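Read the structure below first, then the notes.
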Amino acid sequence: MAPAGIAPDALDRPHFIGIGGAGMSGVAKVLVQRGARVAGSDTQDSPIVAALRELGATVHLGHAAGNVAPDATSVVVSSAIRADNLELVTARERGIPVVHRSDALAALMDGHRPIAVAGTHGKTTTTSMLAVSLGTLGRDPSYVIGGDLDVPGSSAEHGGGEIFVAEADESDRSFHKYAPEVAIILNVELDHHANYASMDEIYDSFRTFVERVRPGGTLVISADHPGARELTGMVAGREGLRVLTYGEAADADVRVLGVVPDGLTSEVTVQLAKGLDGGDDDGEITFTVSVPGRHYALNAVAALTAGAALDVPARELAPAIASYTGVKRRLQPKGTAAGVRVIDSYAHHPTEIAADLEAIRGGAGDGRVLVVFQPHLFSRTQELGAELGEALALADASVVLDIYPAREDPVPGITSALVIDAAARHGADVTAEHDRSAIPGLIAGMARPGDLVLTMGAGDVTDLGPEILARLQTRRARSALRSPASRES
């Protein structure tokens, strides 16, 4: 049964505007796998677009009225699509139903046991951990994630099992469309300043999300994060809702007893509440998390708790979580050249930046941590520029690019200088660089063997990793040619 507002056949022949986007492509892929005749458009070709075409989707490059097929049953959009988009205008003129991505995703979840993962940060990692570990156990889940696990197009899958795991986006309040059996809330902070003016609005939005949990369902929520604890107090006592808390707090239902770093992995020990331990008397479990950092360990514990809430034995799920080795853009290793490791990070909020820098510090050993940071959105930089700069001060040195605008228009007076000045005030070694093409040479000149370089941000800074590696490789080759041994030979 389709959610209210969507005709049962609306997703039979959908047209996606911006089909190559991280969120849109996953919904499109699952629909193709379920037999829908999917079409769409995007501004440029990409590996994700190629993967959709290989599955059978029709993808046009560029936006044009003629891209929308005469027999399209709906046009699917995200909040990033502007009202004057030619294809959206065409759909309205023809009377074709316009469906938001969140409504389409809600329709895909129908008939399953959904786990919806929400929070200001950590959603993609936690959703991925659940999808991978449940798959490892043979549960064959369906899932839609906001990032690729390993290859382009791996952000989603139509599985044969009863569980459906999905990332629930609070940025535009679209997570209000879902009715999960288990809702995870990792943290609650003020972000997405174009849509939320205050923490009160954030709390109201998350409270609405919790109210959507199915009767008899479960809320899994952090016992450590101040905003999450505040929200727990607001929703506790709701009839038909079980609340399970997790974290290092003494009163957590799933209590983290220890996180022991081991290079770029961690050993995590938890004490589970009665009934979640899979039958063991003491309820204590130790397992491996194959990505570094305390925040990723806590994401894993959230995933463990949610799985247990759906009767997946914790003692089976815990070792399966180790099979998750990361998702693209979440501390993703890009390679090593001239003794310098390059890692890509999607972090774009101060809390995320600080957490990733602290996580990676243990893996850097005696080397330095160098960051190439690209602020994301004018609105976020305007509100959090000082906090972003303070977080960057945790790096040994950083280079800051101009703001990546994404869907926003420039705001007078709002530039990356807000971040740079704040970082300098906190004693950071920070450099401004307005020419993106200059970054590979600049970093190659700064980095020494043993150093670790992070490309960091939610924009196209991710593309710089391979370019930095290539420049480092060239530097090493030139150095070898100048060495005494090479001259003697």
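Everything numeric in this text was worked out from a predicted model, so none of it was measured. The first residue in the sequence is number 1, and the count goes up from there.
- Among all heavy-atom pairs drawn from Thr265 and Ser290, the shortest one is CG2-CA, 3.9 Å.
- Between the Asn187 side chain and the Thr120 main chain, a donor and an acceptor come within less than 3.5 Å of each other.
- A donor and an acceptor atom, one from each side chain of Glu408 and Ser379, are located under 3.5 Å apart.
- The distance from the CG atom of Leu186 to the CG atom of Asn299 is 5.5 Å, given to the nearest 0.5 Å.
- Aromatic ring centroids of Tyr178 and Phe209 lie 6.0 Å or more apart.
- The pair Asp224-Arg294 does not meet the salt-bridge criterion, since no charged nitrogen lies less than 4.0 angstrom from a carboxylate oxygen.
- When each of Thr462, Asp460, Thr455 is paired with Gln374, the side chain to side chain donor-acceptor pair (under 3.5 Å) condition holds for Asp460 and for no other.
- Across all their heavy atoms, Ala386 and Arg425 have their closest contact at CB-NH2, 4.4 Å.
- Considering every non-hydrogen atom in both Ala300 and Val289, the closest pair reads CB-CG2, 3.7 Å.
- Salt bridge annotation for Asp409-Arg82: present, with a cationic side-chain nitrogen under 4.0 angstrom from a carboxylate oxygen.
- In this structure, CG in Leu401 is found 6.5 Å from CG in Leu464, a value given to the nearest 0.5 Å.
- A donor atom on one side chain and an acceptor atom on the other are found under 3.5 Å apart for His100 and Ser79.
- For the residue pair Ser205 and Glu170, no side-chain donor N or O sits within less than 3.5 Å of a side-chain acceptor on the partner.
- The CD1 atom of Ile17 sits 15.0 Å away from atom CZ of Arg101, with the distance rounded to the nearest 0.5 Å.
- Of the possible donor and acceptor atoms, none in the side chain of Gln473 sits under 3.5 Å from a partner among the backbone N and O of Leu469.
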(message) Set out, in order, the CA-CA distance, both residues' side-chain angles and the distance that settles salt bridge (Lys or Arg N to Asp or Glu O under 4.0 Å) for Arg368 and Asp429, then state yes or no.
(response) CA-CA 12 Å; Arg368 298 174 302 160; Asp429 179 355; over 6 Å; no
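- The two residues Thr286 and Glu267 come nearest to each other via the heavy atoms CG2-OE1, 3.9 Å.
- A donor-acceptor pair is defined here as one N or O able to donate and one able to accept, closer than 3.5 Å; such a pair exists between the side chain of Lys29 and the backbone of Ala156.
- Shown here for Leu384 and Pro350, the closest heavy-atom pair between the two residues is CD1-CD, 3.8 Å.
- Of the candidates Thr125, Thr351, Asp356, Asp356 is the only one forming a side chain to side chain donor-acceptor pair (under 3.5 Å) with His295.
- Distance check: Arg37 CZ to Leu11 CG gives 14.0 Å after rounding to the nearest 0.5 Å.
- For the residue pair Asp344 and Gln332, no side-chain donor N or O sits within less than 3.5 Å of a side-chain acceptor on the partner.
- The backbone N or O of Ala347 sits less than 3.5 Å from a side-chain atom of Ser345, completing a donor-acceptor pair.
- Although no hydrogens or angles enter the test, the distance criterion places a donor-acceptor pair under 3.5 Å between the side chain of His225 and the main chain of Gly227.
- How far CD of Glu387 is from CG of Leu418: 11.0 Å, rounded to the nearest 0.5 Å.
- Taking each heavy atom of Pro180 and Ala116 in turn, the nearest pair found is CB-CB, 3.8 Å.
- Remark: side-chain polar atoms of Asp396 are paired, donor with acceptor, to backbone N or O of Val369 under 3.5 angstrom.
- Put simply, the side chain of Glu433 gets close to the backbone of Asp435: a donor and an acceptor are under 3.5 Å apart.
- When atom types are taken as modelled, the side chain of Glu383 and the backbone of Arg380 share no donor-acceptor pair closer than 3.5 angstrom.
- Not one N or O on the side chain of Thr336 forms a donor-acceptor pair closer than 3.5 Å with the backbone of Gly339.
- Checked by atom type, the side-chain pair Asp172/Ser174 shows a donor-acceptor distance below 3.5 Å.
- Side-chain atoms of Asp42 come within 3.5 Å of backbone atoms of Gly20 as a donor-acceptor pair (strictly under, hydrogens ignored).
- The shortest distance between side-chain heavy atoms of Val76 and Met24 falls below 4.5 Å.
- The CG atom of Leu134 lies 9.0 Å from the CD1 atom of Ile321; values are rounded to the nearest 0.5 Å.
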